[in-house]
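Structure, as structure tokens:
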Amino acid sequence: MKHTPTIRAELDRYLQQEGMSLTQFGHIAGMNRGIVSAIVTGNKPMSVNQLDLITEAMGLPEGHFYDLFIENFIIDYPSNMRRIEPFLFRCAELDKLDSIRRVVGAIMDNLLYSPKLFEIAEELLEQGRHAAALLLYEGVAEAEKYQHSERLAICQYRIFTIQIGDDQSQNLKAAILFEPYVERLDEIDQLDALKDLANVYRSLRKWDKVEEVAKIMRAKAEIQYTLEHQQQSRKRDESSKKLSRPLFVYIAYADLLCSGSCEDKGDYHQALQYTYAYTNLDWVKETDEDTRNWISLFKSWAEGNTYVYKLLSGDVSMLNDYVQYIIASSDKVDKEMIVKLLNVMFAANRFQLDVNDILKRFEMLIDSFVQQPASDIYTYQVVPEQTTRFKYELAKYYLNRGNYPFGFKYLLDVLSKSLANNKETFFIRCIRLFEQFKQFADVRTFIKYESLVSVGQRDRLFYY
């Protein structure tokens, strides 16, 4: 039988090796002799703070004994959350995820630990330690998978939001796994969950799912809005504080999402009807500054989208008005600017319009488009995806107009991004577009293209 070493034995060996007394070591470690003696003799369990002091005094790296701590004081010792909680926070601080995983595995057979681990996960999430929080949420979710509790649903929501990243196939998997848990959330929390879910499906261009989720969100938001204005003001304030946006926004945003779905189908008439719906917000009862700001945003979006849907319907006379609208908003920090210019490119490629002057006017802005910091799921998912679409439309535009250096530059960029982010649809579109114009590619461009395609075939992103 293999004997498990102990921290006490390691400390005792160190003291003998260095010829150091308990008093001397205690002075170095900042601990009194009595505590050191109790730890060495085994009369006192050790806290993670004491372990850190001992580790530092022995000249060892932070966390050196954490695996032994788990063996000695968690697995082989009666579990005590007063000892485990600070240890988990310290592991998160040092990014020792394997240690957190071991602790969760050791104690989660007992459902009594679920509430406390959930609280710790929430605090870690608040601190921005997402990887550590994810392990705890997953542990609680696994332990409570047959409980049908609201806490289980919240864990699944947190797991969903943490896992959203650049890999679109992973994002789709995360959305599919989370969606069944939405109905188990608190009725107010469901609204943000549905909004986030819709934004992920939007980034994936799964417009049928976007419309489905948006309509559910709208119906639920309308019910809550009616109830809110029937309740006393104190109750209204309590429910509103739980939301990331004013309640009416979820109703208007649902219409905006549905208009996008109609746009994707080419049904610009219906898209306009949804646009008119979120333009008319006279029914909103609130008058605070946040509400006024959101109403202003929706009116601005509606103005631009009205131009777009008329333009894409074939009324090319709208192009100049739309460009003037873009110019008027170009001095603002607007994460929708990429979408506005993308619409110009859609119209240019659809109706063979010359937009060189427009591209020249916004040249510096176009060059500045980069991956934006993730402040929410929309910014993290939809904006980068639209940037990729914009570059693809630019490639298509320049290639069709014989500007091959620019066309291939953007095409290869989109091909590379699609490969990195697992965007199969874009990857295949780029293949088709390149094949259409490959006779105009120089040797360097062709070599880079072949290299990217080879990687795509190797990773099974694309097959001939």
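Being a predicted model, the structure only gives us computed values, none of them experimental. The first residue of the sequence shown is numbered 1, and numbering continues consecutively from there.
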Below 4.5 Å, heavy atoms only, C-beta onward: do Met345 and Lys391 meet side chain to side chain?
-> no

Centroid-centroid distance, Tyr181 to Tyr157, less than 6.0 Å = no

Measure from the side-chain N and O atoms of Asn171 to the backbone N and O of Leu204, and report whether any donor-acceptor pair falls under 3.5 Å.
-> no

Do Asp95 and Leu97 touch side chain to side chain, with heavy atoms closer than 4.5 Å?
-> yes

Does a side chain donor of either Asp264 or Ser261 reach within less than 3.5 Å of an acceptor in the other side chain?
-> no

Sub-4.5 Å side-chain heavy-atom contact between Met46 and Arg83 | no

Spacing of Ile216 atom CD1 and Leu191 atom CG [to the nearest 0.5 Å] = 12.0 Å

Apply salt bridge (charged side-chain N to carboxylate O under 4.0 Å, His left out) to the pair Glu150 and Arg184, showing each step before the final yes or no.
-> CA-CA 6 Å; Glu150 185 181 339; Arg184 300 189 199 177; over 6 Å; no

Taking 4.0 angstrom as the limit, do Glu85 and Lys116 come out as a salt bridge?
-> yes

Give, for atom CD of Gln156 and atom CZ of Arg158, the distance between the pair rounded to the nearest 0.5 Å.
-> 12.0 Å

Thinking salt bridges, do Arg218 and Glu222 make one under a 4.0 Å N-O criterion?
-> yes

Salt bridge check: are Lys220 and Glu183 linked by an N-O gap of less than 4.0 Å?
-> yes

Does Gln190 reach the main-chain N or O of Leu185 with its side chain, forming a donor-acceptor pair under 3.5 Å?
-> yes

Cation-pi between Lys438 and Phe434: NZ/CZ under 6.0 Å from ring centre and within 45° of the ring axis?
-> no

Salt-bridge test for Asp413 and Lys409: reply yes if a basic N is under 4.0 Å from a carboxylate O, no otherwise.
-> no

Where do Gln230 and Leu227 land on the side-chain contact (heavy atoms from CB on, under 4.5 Å) test, with the steps shown first?
-> CA-CA 5 Å; Gln230 290 174 350; Leu227 290 174; 3.9 Å; yes

How long is the gap from CG on Leu312 to OH on Tyr322, to the nearest 0.5 Å?
-> 8.5 Å

Is there a donor-acceptor contact under 3.5 Å linking the side chains of Ser169 and Asp167?
-> yes

Would Asp192 and Ser244 count as having a side-chain donor-acceptor pair, cut-off 3.5 Å?
-> yes

May I ask you to decide if the ring planes of His229 and Tyr225 are parallel, tilted or perpendicular, using 30° and 60° as cut-offs?
-> tilted

In this structure, CG of Leu311 is separated from CE of Met318 (nearest 0.5 Å) by 8.5 Å

So how far is it from Glu263 CD to Ser313 OG, rounded to the nearest 0.5 Å?
-> 10.0 Å

Do any N or O atoms from the side chain of Ser296 and from the backbone of Arg292 form a donor-acceptor pair under 3.5 angstrom?
-> no

Hey, are the side chains of Phe89 and Val48 touching, using non-hydrogen atoms and a 4.5 Å cut-off?
-> no

Would you indicate whether the side-chain heavy atoms of Val344 and Ile326 approach each other to under 4.5 Å?
-> yes

Is any NZ, NE, NH1 or NH2 atom of the basic residue among Glu212 and Lys209 found under 4.0 Å from an Asp or Glu carboxylate oxygen of the other?
-> yes

Phe69-Phe73 aromatic ring centre distance below 6.0 Å = yes

Are Glu123 and Arg129 close enough for a salt bridge, meaning some N to O gap below 4.0 Å?
-> no

With a 4.5 Å limit on heavy-atom distance, are the side chains of Leu452 and Ser416 in contact?
-> yes

Once the angle between the rings of Trp283 and Phe248 is folded into 0 to 90°, is it parallel (under 30°), tilted (30 to 60°) or perpendicular (over 60°)?
-> perpendicular

So is Arg350 actually on top of Phe346's ring, under 6.0 Å and inside 45° of the axis?
-> no

Is the closest side-chain heavy-atom distance between Arg389 and Ile338 below 4.5 Å?
-> no

Can you tell me how far the CG atom of Leu124 sits from the CG atom of Leu134, to the nearest 0.5 Å?
-> 11.0 Å

Verify whether one side chain among Asp98 and Tyr66 offers a donor that lies under 3.5 Å from an acceptor in the other.
-> no

For Arg205, does the CZ atom have more than 12 heavy-atom neighbours from other residues, nucleotides or ligands under 6.0 Å away?
-> yes

Polar side chain donor-acceptor pair, Gln324 to Asp321, under 3.5 angstrom | no

Is the backbone of Glu393 close enough, under 3.5 Å, to the side chain of Asn349 for a donor and an acceptor to pair up by distance?
-> yes

Would you tell me whether Gln270 and Tyr309 have side-chain atoms, one donor and one acceptor, within less than 3.5 Å of each other?
-> no

Salt bridge present between Asp67 and Arg102 (N-O < 4.0 angstrom) = yes

Determine the interplanar angle of the Phe118 and Tyr137 rings, folded into 0 to 90°, and report it as parallel if under 30°, tilted if 30 to 60°, perpendicular if over 60°.
-> perpendicular

Indicate yes or no: at least one non-hydrogen side-chain atom of Lys265 is less than 4.5 angstrom from one of Glu211.
-> yes

Is it true that atom CD of Glu187 has more than 12 heavy atoms of other residues, nucleotides or ligands lying nearer than 6.0 Å?
-> no

Using modelled atom types only, decide if a donor and an acceptor are shared between the side chain of Gln50 and the backbone of Ser47 within a distance under 3.5 Å.
-> yes

So, Tyr274 and Asn305: side-chain donor and acceptor under 3.5 Å apart, yes or no?
-> no

With distance as the sole test, does Tyr201 use its side chain to make a donor-acceptor pair with the main-chain N or O of Leu172 at under 3.5 Å?
-> no

